[in-house]
There are 2 protein chains.
Amino acid sequence: MPVAKAESSSTTPTPRGRGRRGTRASGDDRERAILETAERLLEERPLSEISVDDLAKGAGISRPTFYFYFPSKDAVVLTIVDRLVAESGGSREEIITALAEGGPQAGFRVGLENLYAAFRARPGVVRAGTDLRATNQEARDLWAQVMEGWVADVTAVIEAERARGAAPPGQPARDLAIALVQMNERAQYATLLGESPSLEADRVLDVLIDVWLRAIYGTADPG
Amino acid sequence: MPVAKAESSSTTPTPRGRGRRGTRASGDDRERAILETAERLLEERPLSEISVDDLAKGAGISRPTFYFYFPSKDAVVLTIVDRLVAESGGSREEIITALAEGGPQAGFRVGLENLYAAFRARPGVVRAGTDLRATNQEARDLWAQVMEGWVADVTAVIEAERARGAAPPGQPARDLAIALVQMNERAQYATLLGESPSLEADRVLDVLIDVWLRAIYGTADPG
DNA sequence: GACTCTATCAACACCGTGTCGAGTAAGTCA
DNA sequence: TGACTTACTCGACACGGTGTTGATAGAGTC
């Protein structure tokens, strides 16, 4: 597919990724209303108990009109999750700088803390995104891509720490990174949703970082 | 609800937990046929793409007749998962004996190997059980109970190893156990389903055990 | 040969999704 | 001004899935 060539900017319909085929008028309000309704309802009940009609009603439109703005309920959720992921993405680079400034413990803590903070405020959205992976390939792909990004970052950090002699050799850095990132995903999700068993919200970071440091440095108290 | 009082044992219809309200006759075959159909289809496609009609057709009965044997599609899956969990449950106690006989590395490896082996043969069932947690409270409860069992076992082992001086003190044993068990759940699931990123099937145990040993003993090569 | 209990299914009621086609209202420009 | 376009709206429908009802057939007592 060719990249859209620059069009006359004045009347260009602006096609937003997963949203509606381009428009410009007051329909923007409706689109926002749908997204806001979805975010609100997702904090009240799981995705499977929210119908397209609920979203339409909440946005003050009829069900067919909903389909003018989004191709499906899934697309709404993916749009919301996309944004949440984008918000949290900024914190990834913060790991690197925090590592350089504060050493390993502080670095990892800052990184994981920021990440966790981004999701903590909207557990319903996190749950919806997770649930969606059961039925939606696009949701699986999106999440796989997010995980791949974190794994790549962590792999790089581990390799750097080994190169400068701060961490001993061991399992391949990428393998270690995969296991640790997956542990975090699962543990933080369980804590966020209040599963049992799960780590207490105010202990989860302490415990996870302890495992990270021991796995990477061989001690809970490196340099 | 009062517990059913002991009935005359001769003609008691035998109510099986999640299956049909009691009977005895040749309908047993049908019940088995439904379960077998479900197991077969689950290795072909995800639960969300299997309808009650598919299960009924596969068992050679009509859709309403299906409901004579099971109250819902979910109940069929829960029955299958129940059994798989029961099969895998035997391996739990093997951790303890293997630990006593072969020391920490061998003990954990045998334990996790057996566990993994039980699930490896039926990834479709594992996926169905996981997917089901998105919509089904009973599935969440069942899984929570399974996790709780493993966490309890691992907690006991960690405490025993600390008591005999083989493992140093650190994070509360239960917290450590939760994080490690969750890591295993997530990592083994990802490997089983071939997600990306995920650990290679022939490396997953090496990597996970390495993290376990470092987290528990502070070294990848304890006594 | 009346009675019971298992087993079966056609027909139905219901709900959620997604589409179609007929609009209306606001803007553009001849 | 009035023909034309574009954004937007929704009633009505078709479809596919779930779960229930009620009628019935056969096998097993007694």
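Note on naming: letters A, B, ... go to the chains in the order of the sequence lines (proteins, then strands), and numbering restarts at 1 for each one. Only a predicted model underlies this, so the values are computations on that prediction, with no experimental measurement involved.
Residue-environment remark: CD (A:E148) exceeds the threshold of 12 foreign heavy atoms within 6.0 Å.
Applying the salt bridge (Lys or Arg N to Asp or Glu O under 4.0 Å) rule to A:D53 yields the partners A:K57; only residues at least two apart in sequence or on another chain are considered. Under the rule for a side-chain hydrogen bond (donor to acceptor under 3.5 Å, both in side chains), A:E43 has no partner lying at least two apart in sequence or in another chain. With sequence neighbours left out, B:P64 forms a side-chain contact (heavy atoms from CB on, under 4.5 Å) with B:S62.
If you take CG of A:D29 and P of D:dA7, they are 16 Å apart, rounded to a whole angstrom. Taking atom CZ of residue A:F66 and atom C1' of nucleotide C:dT19, one finds them 14 Å apart after rounding to whole Å. For the pair B:E49 CD and D:dG16 P, the interatomic distance rounds to 15 Å; values are reported in whole Å. A:D74 places its CG atom 16 Å from the P atom of C:dG16, with the value rounded to the nearest Å. Following rounding to the nearest Å, A:K57 (NZ) and D:dT9 (C1') show an atom-to-atom distance of 15 Å.
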Between the protein and nucleotides 21-26 of chain C, list the N/O to N/O atom pairs that are separated by less than 3.5 angstrom.
none

Tabulate atom names and distances for all N/O pairs under 3.5 angstrom spanning the protein and nucleotides 17-20 of chain D.
| from | atom 1 | to | atom 2 | distance (Å) |
| --- | --- | --- | --- | --- |
| D:dT18 | OP1 | B:V52 | N | 3.4 |
| D:dT18 | OP2 | B:V52 | N | 3.3 |
| D:dT18 | O4 | B:R63 | NH2 | 3.3 |
| D:dG19 | OP2 | B:Y67 | OH | 3.1 |
| D:dG19 | N7 | B:R63 | NH1 | 2.7 |
| D:dG19 | N7 | B:R63 | NH2 | 3.4 |
| D:dG19 | O6 | B:R63 | NH2 | 2.4 |

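Side-chain proximity of B:F68 to D:dC10, C:dA7, C:dC9: nearest is C:dA7.
For A:T65 and D:dC10, the shortest distance from a side-chain N or O to OP1 or OP2 is below 4.0 Å.
Under 3.5 Å, the side chains of A:D141 and A:Q145 contain no donor-acceptor pair of N or O atoms.
The ring pair (Phe, Tyr, Trp, His ring centres under 6.0 Å) analysis of residues 173-214 of chain A, with sequence neighbours excluded, yields the pairs A:F108-A:W212.
Taking a cutoff of 4.0 Å between a charged side-chain nitrogen and a carboxylate oxygen, B:R40 and B:D54 do not qualify as a salt bridge. Taking a cutoff of 4.0 Å between a charged side-chain nitrogen and a carboxylate oxygen, A:R133 and B:E195 do not qualify as a salt bridge.
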